[in-house]
Amino acid sequence: MIKKLTLIFVLLILLTAASALSSNYAGDYARLLVMLFSGIKFLLIAFFFMDVKKAHVFWKMAVILFATAFLVTTLVM
Amino acid sequence: MKEETIDHKNIFYPPGGILLWIIIFLEVITFGIALIAMIYYGNQEPTLFHDSKLQLNITLGTINTLVLISSGYFMAVSLAKFKNNEITASAGYLKWTMIFGVLFLIFKSIEYSHKIETGLTMGHNTFFTFYWMLTLFHVIHVIVGLVILLLAHKNISQTKVEDFEASATFWHMCDLIWLLVFPVIYLFF
């Protein structure tokens, strides 16, 4: 359990670094990558730190739908 | 319902409790709408928003993201230890959770003081109105979260698992909100 949490933590750190690098070096794809990485981090924290993976499918879908809706809306505006 | 009989697969018993998850969704939707409004106004004044964003300290913002993620990790480990009845270890990780939470507030205060010194206050322009409102509301959530964690730590040996889990869930919500706020305010424009 702790090992899995530690792995997720390392992944979150790497995604944060990737976001920061993308914002400076990814040019036209910066926005897409930054928001995509944030969406992934959002889901990782919800599913693994908040244990949504153990919850009813309604809550899983609600979290995924919110993250997707926010991501898509920010990118198409 | 006692924790050992709580089936989190039951729709009415998500981890942390249904009330807290209703609050979480209300909060992230509210912040989400505000951030979308910010992007809308940013599209109306792209130069202003880009130039304003350049006045933010992205390094400090990134450090704060790492600080909050670390705090969330310690919280998750603390909860895992608590569920395993390792109360002393749980209390230790909970202390680290709070330390990193306070560290976030310290860095935020440094950032705010720089902004105030250079006149980048709430009324400076539209970007900074959004910046101050969104980050201040987030800071309030972090402070409330720290109070909740402090109470959980103080009474840890008498705390029920579901109450500890609810406290942890509220703290992770602060992290979730920051993960929406940080990329839009600091990196988007």
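The sequence lines fix the lettering, A, B, ..., with proteins before strands; numbering per chain opens at 1.
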Exercise for review: Report yes if some heavy atom in the side chain of A:Met35 is under 4.5 Å from a heavy atom in the side chain of B:Pro183; otherwise report no.
Suggested key: yes

Review point. At what distance, to the nearest 0.5 angstrom, does OG of A:Ser22 lie from CG of B:Leu187?
Key: 9.0 Å

Exercise for review: Please round to the nearest 0.5 Å and tell me the distance separating atom CD1 of B:Ile18 and atom NE2 of A:His56.
Suggested key: 11.0 Å

Study note, to complete from the structure: Honestly, the part of B:Ala168 sitting under 4.5 Å from a heavy atom of chain A is neither

Review point. If you count heavy-atom pairs under 4.5 Å between each of B:Tyr186, B:Tyr40, B:Phe25 and chain A, which one has the most?
Key: B:Phe25

**Study point:** Contact check, side chains of B:Tyr73 and A:Thr6, non-hydrogen atoms, under 4.5 Å
**Key:** yes

Check your understanding: Any chain of hydrophobic side-chain contacts (each under 4.5 Å) joining B:Leu19 to B:Val144?
Key -> yes

Check your understanding: Around A:Phe48, counting heavy atoms of other residues, nucleotides and ligands shown, do more than 12 lie under 6.0 Å from its CZ?
Key -> yes

Exercise for review: Indicate yes or no: at least one non-hydrogen side-chain atom of A:Phe49 is less than 4.5 angstrom from one of B:Leu176.
Suggested key: no

Check your understanding: Got more than 12 heavy atoms from elsewhere within 6.0 Å of CH2, B:Trp132?
Key -> yes

Check your understanding: According to a 4.5 Å side-chain heavy-atom criterion applied to Ile, Leu, Val, Met, Phe, Trp and Tyr, with indirect links allowed, do B:Ile29 and B:Leu134 form part of one hydrophobic cluster?
Key -> yes

Exercise for review: For A:Trp59 and B:Ile11, indicate whether the former's side chain and the latter's backbone hold a donor-acceptor pair under 3.5 Å.
Suggested key: yes

Review point. In Å and rounded to the nearest 0.5 Å, what is the CZ to CE distance from B:Phe188 to A:Met77?
Key: 8.0 Å

**Study point:** chain B contact via A:Lys53 - side chain, backbone, both or neither, heavy atoms under 4.5 Å
**Key:** backbone

Revision key, fill the gap. Highest number of heavy-atom pairs under 4.5 Å with chain B among A:Phe66, A:Phe37, A:Phe58 belongs to A:Phe66

Point to revise | Sub-4.5 Å side-chain heavy-atom contact between B:Phe182 and A:Val34 | key: no

Check your understanding: Checking heavy atoms, do the side chain of A:Met1, its backbone, both or neither come under 4.5 Å from chain B?
Key -> side chain

Revision key, fill the gap. Shortest non-hydrogen pair, A:Ala55 vs B:Lys9, comes out as O-NZ, 3.6 Å

Review point. Would you call A:Asp51-B:Lys83 a salt bridge at under 4.0 Å N-O?
Key: yes

Check your understanding: Does CE in B:Met133 sit with more than 12 non-hydrogen atoms of other residues, nucleotides or ligands closer than 6.0 Å?
Key -> no

Check your understanding: If you group Ile, Leu, Val, Met, Phe, Trp and Tyr by side-chain heavy-atom gaps below 4.5 Å, do A:Tyr29 and A:Leu21 land in one group?
Key -> no

Review point. Can B:Ile22 be reached from B:Phe12 by stepping across I, L, V, M, F, W or Y side chains whose heavy atoms are under 4.5 Å apart?
Key: yes

Practice item. Go through A:Ile13, A:Leu12, A:Thr74 and name the one with the most non-hydrogen pairs under 4.5 angstrom from chain B. Key: A:Thr74

Review point. If you group Ile, Leu, Val, Met, Phe, Trp and Tyr by side-chain heavy-atom gaps below 4.5 Å, do A:Ile2 and B:Met75 land in one group?
Key: yes

Review point. Which one of B:Leu35, B:Leu180, B:Ile58 has the most heavy-atom pairs closer than 4.5 Å to chain A?
Key: B:Leu180

**Study point:** Neighbour count >12 (heavy atoms, 6.0 Å) for atom OH, B:Tyr93
**Key:** no

Practice item. Among the options B:Leu79, B:Ile36, B:Asn43, B:Thr169, pick out the one with the most heavy-atom pairs lying under 4.5 Å from chain A. Key: B:Ile36

Revision key, fill the gap. Honestly, the part of A:Val63 sitting under 4.5 Å from a heavy atom of chain B is both

**Study point:** Residue among A:Ala62, A:Ser19, A:Ala46 with most heavy-atom pairs under 4.5 Å to chain B
**Key:** A:Ala62

Practice item. For the pair B:Ile24 and A:Met50, evaluate side chain to side chain contact (heavy atoms under 4.5 Å, CB included) and give the outcome as yes or no after the intermediate values. Key: CA-CA 11 Å; B:Ile24 287 169; A:Met50 300 171 86; 3.7 Å; yes

Revision key, fill the gap. Ordered numerically, the heavy-atom neighbours of chain A under 4.5 Å found in residues 60-70 of chain B are B:Thr62, B:Thr65, B:Leu66, B:Ile69, B:Ser70

